[in-house]
Amino acid sequence: MSGYTLAFKPAIGLYGQHDPSAVLFEDGRLVYGIEEERLTRQKHAVDTFPERAIQSCLDYRDLALSDVDRVLLPYDPTLRSKLIPHHVRDAFRVDGAVRTLTSVETLVKTQAKSRFFPRREVESRLAALGDSVPPIETRSHHACHAASAFHPSGFEQSLVLTVDAKGEYDSTVVWCGDADGLERVRTYTHPNSLGLFFAIVTEYLGYRMFNGEGKVMGLAPYGNENPSVERTLRSLIDTGVDYDVTELTRRWGTGHGVRRLEAAFDRDRTETPEEFTQWEKDLAYTAQKLLEETVLAIVEEYTETVGSDTLSLAGGVALNCKLNKRLRESDAVDDVFVQPVAHDAGLAVGAGLLERSPAEVPQLETVYYGPEYDADEIRDLLEWNKIPYSEPEDTERVVAERLADGDLVGWFDGRLELGPRALGNRSILADPRTAESRDRVNRFVKHREEWRPFAPSMLEAAADEYLVDGEAAPFMISAFDVDPARRDEIEAVLHPADDTTRPQTVAQRQNPRYHRLISEFADITGVPVLLNTSFNDHAEPIVTTPTEALKDFFGMGLDVLAFEGLVVEKSTIETDRPAVPARTT
């Protein structure tokens, strides 16, 4: 036995068409992980088998596929048969009788075939990577979400909540986590899906499901209480611990739900989501309100049932930082851990943790699990492309001075983050002190809607000074109110509509170089905070390689690029230099 386990989430067939990833465990310990989108350069890597991510995991330890003891898949095809009763009921409710019988017969045959088809396809795809395919085991989708949340939480016992669009048959699951592992307490089955409900509102507002939900969350604070909007939305769904959103969600996808919203509001869906009316902002506000109301009701009900005031969260809905703020502030909850890779890319992590004793899993403090590149590789790339660079004795001080002078900086250092947030290794950084700084990043660097807010990285020791009820928050996954006395110091990282922020706190033990950069900026300005957004252009995955960082540097309004102690400045480069380097790394 080699001690290696490979876990990966495909995005093929009936088991989720987005966010594939792969992770490698060594003797039960997570040592490497990467999302397929970072390698294909296609956002969410839709309908993709994670071949590149798998190979990247193997390359990390110089392994052949045959060196791996087993492969884990974070879904169980046999559980899909539990969906058949719903499809039968829905077919009889919607279709004509003759068409219904044909539809049901086809559905049953499809389910019977699909129970085994994914394993055969996975085996075939793996065989292309090596001549010996390890044993393949499957795990339940929501159990993997739950393990990814509870096992690395540091809690001895916890209420665990997993909320997403759909697993095999389940959409929201309540769990009890303790030293013996996880026990299901309640299951809300598909199509009673909060994730799909919010996705339908997202599509109605002109964005795309599984991509635009965060934008709707960010739009919500610009809205107001609107009794007419709320009355109409409540006529379609029931909220609370026994919620029911199936009037909108009863058919997979968003088409049916969007049509129901169009009919109920007597308004067509938004086609061009660049400028929103106040009515559309009010709808976003109301959808966010009802989502928070429902999840909070579940948490308050089941903290008492499981006898724990700690909460562990995963599933795509757990990426909603406003919801997480509401849960953290509940009197029913004493402490919250949200898996930073809460969406489906984190399923592979949970698959590898599921069989381990929670007590054996260390508390998660970082997600720096991807590839890294040393200074020699980067120096070679720059010299090959005849790009001038410097090697300051104190890179952090030099970059901090440039940030304090108002320059926009690409910061590329160490291992790539796993998950949707850049946490100081693949980041674009700016001075947080003025709204003009925020607007420059939106307009000249990120090329996105100017109403969208940015997040801060701050020294962990400063959390109490800047945040109301401040605490360590290393993953930029929960919103906080900002102390009114400090708001003027960090205007660029406040949500313009409600003055909240979604911080990353940084401790030296987590990221020494990034911690020192922020400390140097604090020494110069008195503010231990930086504006931090992901190093990518609009609708592009976070950069992975030095070449990608250079391409974005030349194609965006950045002034400085710092990576692994080397510094490139546009002011020292000929203005007619090609934007795409000639050599890849």
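Just the heavy atoms: all of them, side chains too, but no hydrogens, waters or symmetry mates, feed the values below.
Taking the ring axis of Y369 as reference, the NZ or CZ atom of R38 does not stay both within 45° of it and closer than 6.0 Å to the ring centre. Both tests do not hold together for R438 against F454: distance to the six-membered ring centre under 6.0 Å, angle to the ring axis within 45°.
Under 3.5 Å, the side chains of S534 and K446 contain a donor-acceptor pair of N or O atoms. No hydrogens or angles considered: nothing links the side chains of H141 and D170 as a donor-acceptor pair under 3.5 Å. Side chain to side chain, N532 and S427 meet the donor-acceptor criterion of an N or O pair below 3.5 Å.
Taking CG from L233 and OG from S235, the interatomic distance works out to 7.5 Å, rounded to the nearest 0.5 Å.
Taking the side chain as every heavy atom from C-beta outward, T48 and E37 never approach each other to under 4.5 Å. Side-chain contact between L296 and S330: present, with at least one pair of heavy atoms (C-beta onward) separated by less than 4.5 Å.
Within the 6.0 Å centre-distance limit, the rings of Y243 and Y188 are counted as a close aromatic pair.
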Please test E230 against N226 for side-chain hydrogen bond (donor to acceptor under 3.5 Å, both in side chains), starting from the C-alpha separation and ending with a verdict.
CA-CA 6 Å; E230 183 169 337; N226 186 319; over 6 Å; no
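Results of the side-chain hydrogen bond (donor to acceptor under 3.5 Å, both in side chains) test with K325 over D481, T500, N320 single out D481 as the only residue that passes.
Side chain of E280 to main chain of F276: no donor-acceptor pair is present (N/O by atom type, distance under 3.5 Å, no hydrogens or angles).
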